[in-house]
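Side-chain atoms are counted along with the backbone in the values below, which use heavy atoms only and exclude waters and symmetry mates. What you are looking at is a predicted structure, and each value in this text was computed from that prediction instead of being measured.
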Amino acid sequence: MTAPEGPRGTALTLGVQLIRSDVWVLASIIAAMSRPCRMPDLLSASDYVMRDDLPFDAVSYGVPRLVAAGLVTTGIDEAGLWFLPTDDAWALIVGRGGVIKAMFEVMDVVGCRPYEEEVEEEWEADRSRGRLVGLEDWHAST
């Protein structure tokens, strides 16, 4: 599989509009390097990727958008909630010069708005898929 190209400023067609925090979540899942990625791995990787903690809403609403876009699979087993990047996610991120550089390129390729509009973007994001099931326990423990 080759990395999706998409001209600069043109959204890659994924069937769902992603926002910047969704790409941050995706990059963190990939950067975690644990298969499957668990919540502690995701939070640690997000600190590496963006030098900040992932907000609860970024994960709880963002993962369902990433699943709908075909970039992440998720589930719950005896050890709890897990995330796996799909082959399409790997193709989107890998080969772009490191996960952090790739994250910013992917934000452009998937059609995320510029940083100046990011506050409005979070409030306008599609939340119709609801929150991620199984995340409630993590949120209550933090």
Side-chain angles (χ1 to χ4, degrees), residues 1-139 142:
M1 179 176 291
T2 59
E5 292 298 321
R8 195 156 184 72
T10 302
L12 180 69
T13 304
L14 296 171
V16 62
Q17 178 61 53
L18 299 180
I19 61 174
R20 291 183 176 279
S21 62
D22 299 341
V23 180
W24 177 12
V25 171
L26 177 62
S28 298
I29 290 170
I30 289 176
M33 299 301 289
S34 55
R35 301 295 171 254
C37 175
R38 305 282 180 174
M39 279 309 300
D41 308 319
L42 178 62
L43 297 175
S44 177
S46 75
D47 184 49
Y48 162 74
V49 170
M50 289 294 285
R51 303 288 188 254
D52 202 356
D53 294 329
L54 275 169
F56 177 74
D57 282 355
V59 179
S60 68
Y61 288 115
V63 171
R65 285 191 294 266
L66 291 168
V67 169
L71 298 174
V72 171
T73 59
T74 185
I76 302 173
D77 60 19
E78 63 282 348
L81 190 61
W82 57 263
F83 313 95
L84 281 174
T86 64
D87 289 343
D88 288 343
W90 282 104
L92 199 56
I93 297 287
V94 174
R96 294 185 183 267
V99 74
I100 296 172
K101 180 178 184 282
M103 180 181 63
F104 291 104
E105 288 182 15
V106 169
M107 286 177 181
D108 186 52
V109 170
V110 301
C112 293
R113 294 180 180 174
Y115 276 112
E116 303 79 52
E117 300 175 23
E118 99 182 79
V119 172
E120 292 84 8
E121 179 178 73
E122 291 292 332
W123 291 108
E124 295 171 4
D126 177 12
R127 294 183 172 193
S128 65
R129 290 169 185 81
R131 289 194 186 273
L132 179 64
V133 175
L135 197 58
E136 300 84 13
D137 294 338
W138 164 71
H139 187 323
T142 58

Let's go through Asp57 and Ser60 carefully: what are the C-alpha distance in whole Å and the side-chain angles of both, what is the deciding distance for side-chain contact (heavy atoms from CB on, under 4.5 Å) to 0.1 Å, and is it a yes or a no? CA-CA 5 Å; Asp57 282 355; Ser60 68; 3.8 Å; yes
Is Arg20 salt-bridged to Asp108, going by a charged N under 4.0 Å from an acidic O?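 No salt bridge links Arg20 with Asp108.
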[Y] backbone acceptor or donor facing [X] side chain under 3.5 Å:
X	Y	result
Thr74	Trp82	yes
Asp22	Ile19	yes
Arg129	Tyr61	no

Determine, step by step, whether Val63 and Val67 satisfy the side-chain contact (heavy atoms from CB on, under 4.5 Å) criterion, reporting the C-alpha distance in whole Å, the side-chain angles of both residues, the deciding distance to 0.1 Å, and the verdict. CA-CA 6 Å; Val63 171; Val67 169; 4.2 Å; yes
Distance, nearest 0.5 Å, that separates OG1 of Thr73 from CD1 of Ile29: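 So the gap between those two atoms works out to 9.0 Å.
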Where [X] and [Y] come nearest, the two heavy atoms and their spacing:
X	Y	value
Arg65	Val16	O-CG1, 3.5 Å
Arg35	Leu84	CD-CD2, 3.6 Å
Leu26	Leu66	N-CD1, 3.9 Å
Leu18	Leu71	CD1-CD1, 3.8 Å
Ser28	Ser46	OG-CA, 3.2 Å
Met103	Val23	O-CG1, 3.5 Å

Heavy-atom side-chain contact between Phe83 and Met39 under 4.5 Å: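 Yes. Closest side-chain heavy atoms under 4.5 Å.
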Side-chain contact, heavy-atom cut-off 4.5 Å: Arg131 with Phe56?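 When only atoms from C-beta onward are counted, Phe56 and Arg131 do touch, with a gap below 4.5 Å.
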